[in-house]
Amino acid sequence: MQEAVRGASVMFRIAVCDEDTMVRKKMKQLAAAYMESRECKAEIYEAVSEQEVHAKVHAILDLRQLVENKLQQQFNSKDILTFPFREGERRLTLHQIVYVESKLHRLYFHLEDGQIRTMYGILNEWEEKMCNDDFLRIHQSYLVNMRYIREISGCVVFLEKGTELTVPRTRYRQVRERFMAYQRGV
């Protein structure tokens, strides 16, 4: 499952076609960034004309629709949600969320790519909507994706990219036990 989640089982071939070299390069960069944000592997070709494209790629399809369809196939539909962020509505797979932080009815979604998306809401409601065995409520204000926990020690959760989140003493034992059970199951 880990390989499929990271997009390793899907390889896209993308052809960027335009007579203008600068436009092709920019389109290639945008396509690469989009594919990377969706954690999908892609070979991206530049071509001047459609005839050149057909030599490398058999079909020209809408990139966004193709990627979304493949993601739907890879993940359970419950693992893809639409979030009404203040920055605009966005569909995410749950594995893209590292942790959610709650402060004064504002939720801060810390994403795998380093972005932070915000919305007004209550953490309890999103915890229910995101019901997934990968998420662990470590604190009244934190819901953490256990995929990104490096270790739990001394009432602190250490995440992969250096973030440290505190766990109240009253929850520490329960949090540690649940994380250890998660590790055994993965």
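Nothing fancy with the numbering, it's 1 onward along the sequence.
Looking only at side-chain heavy atoms (C-beta outward), Val100 and Trp126 stay at 4.5 Å or farther from each other. Contact of the Thr82 side chain with the Glu89 side chain is registered, since non-hydrogen atoms from C-beta on lie closer than 4.5 Å.
Across every non-hydrogen atom of Leu143 and Arg137, the tightest pair is CD1-N, 3.8 Å. Minimum interatomic distance between Ile122 and His105 (heavy atoms only, all atoms of both residues): CG1-ND1, 4.1 Å. Met35 approaches Lys41 most closely through the heavy-atom pair CE-O, 4.2 Å. For the pair Ile138 and Thr166, the tightest heavy-atom approach, listed with the atom from each and the gap, is CD1-O, 4.0 Å. For Leu94 against Phe135, the heavy-atom pair with the smallest separation is O-CZ, 3.5 Å. Scanning both residues, Ile97 and Phe83, for their nearest heavy atoms gives CD1-CZ, 3.7 Å.
Put simply, CD1 on Ile80 and CZ on Arg91 are 5.5 Å apart, with the number rounded to the nearest 0.5 Å. The distance from atom CD of Glu127 to atom CG of Leu107, rounded to the nearest 0.5 Å, is 11.5 Å. Going from atom CG of Leu123 over to atom CZ of Arg106 covers 15.5 Å, rounded to the nearest 0.5 Å. Once rounded to the nearest 0.5 Å, the distance linking NZ of Lys25 with CD of Gln29 reads 9.0 Å.
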Checking side chain to side chain contact (heavy atoms under 4.5 Å, CB included) for the pair Gln183/Met146: CA distance, chi angles, key distance, verdict?
-> CA-CA 9 Å; Gln183 284 184 313; Met146 288 189 278; over 6 Å; no

Walk me through it: do Asp134 and Tyr182 pass the test side chain to side chain contact (heavy atoms under 4.5 Å, CB included)?
-> CA-CA 8 Å; Asp134 291 349; Tyr182 172 80; 3.2 Å; yes

List the steps and the verdict of salt bridge (Lys or Arg N to Asp or Glu O under 4.0 Å) for Lys103 and Glu101.
-> CA-CA 7 Å; Lys103 288 183 192 173; Glu101 179 180 13; 3.6 Å; yes

Given Phe109 and Met119, is the side chain to side chain contact (heavy atoms under 4.5 Å, CB included) satisfied, shown in steps?
-> CA-CA 8 Å; Phe109 286 73; Met119 72 168 73; 3.6 Å; yes

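Judged as a salt bridge (Lys or Arg N to Asp or Glu O under 4.0 Å), the pairs with a partner in residues 165-176 (not counting sequence neighbours) are, in order, Arg173-Glu177.
Phe179 and Phe158 fall into different hydrophobic clusters, where Ile, Leu, Val, Met, Phe, Trp and Tyr side chains are chained together by heavy-atom contacts under 4.5 Å.
Leu104 forms part of no hydrophobic cluster, judged by ILVMFWY side-chain heavy-atom separations under 4.5 Å.
Shown here are the side chain to side chain contact (heavy atoms under 4.5 Å, CB included) partners of Gln115, two or more places apart in sequence or in another chain: Arg90, Leu111, Asp113, Arg117. In terms of the side chain to side chain contact (heavy atoms under 4.5 Å, CB included) criterion, residue partners of Thr163 (sequence neighbours excluded) are, by chain and number, Tyr99, Leu159, Leu165. For Lys161, the side chain to side chain contact (heavy atoms under 4.5 Å, CB included) test picks out no residue, with sequence neighbours left out.
For Glu87 and Thr118, the side-chain atoms include at least one donor-acceptor pair closer than 3.5 Å.
In Glu164, the CD atom is crowded: over 12 heavy atoms of neighbouring residues, nucleotides or ligands sit closer than 6.0 Å.
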Solution key, residues 148-156 side-chain donor-acceptor pairs under 3.5 Å, sequence neighbours excluded:
{"residue": "Tyr148", "atom": "OH", "partner": "His95", "partner atom": "O", "Å": "2.5"}
{"residue": "Tyr148", "atom": "OH", "partner": "Glu112", "partner atom": "OE2", "Å": "2.8"}

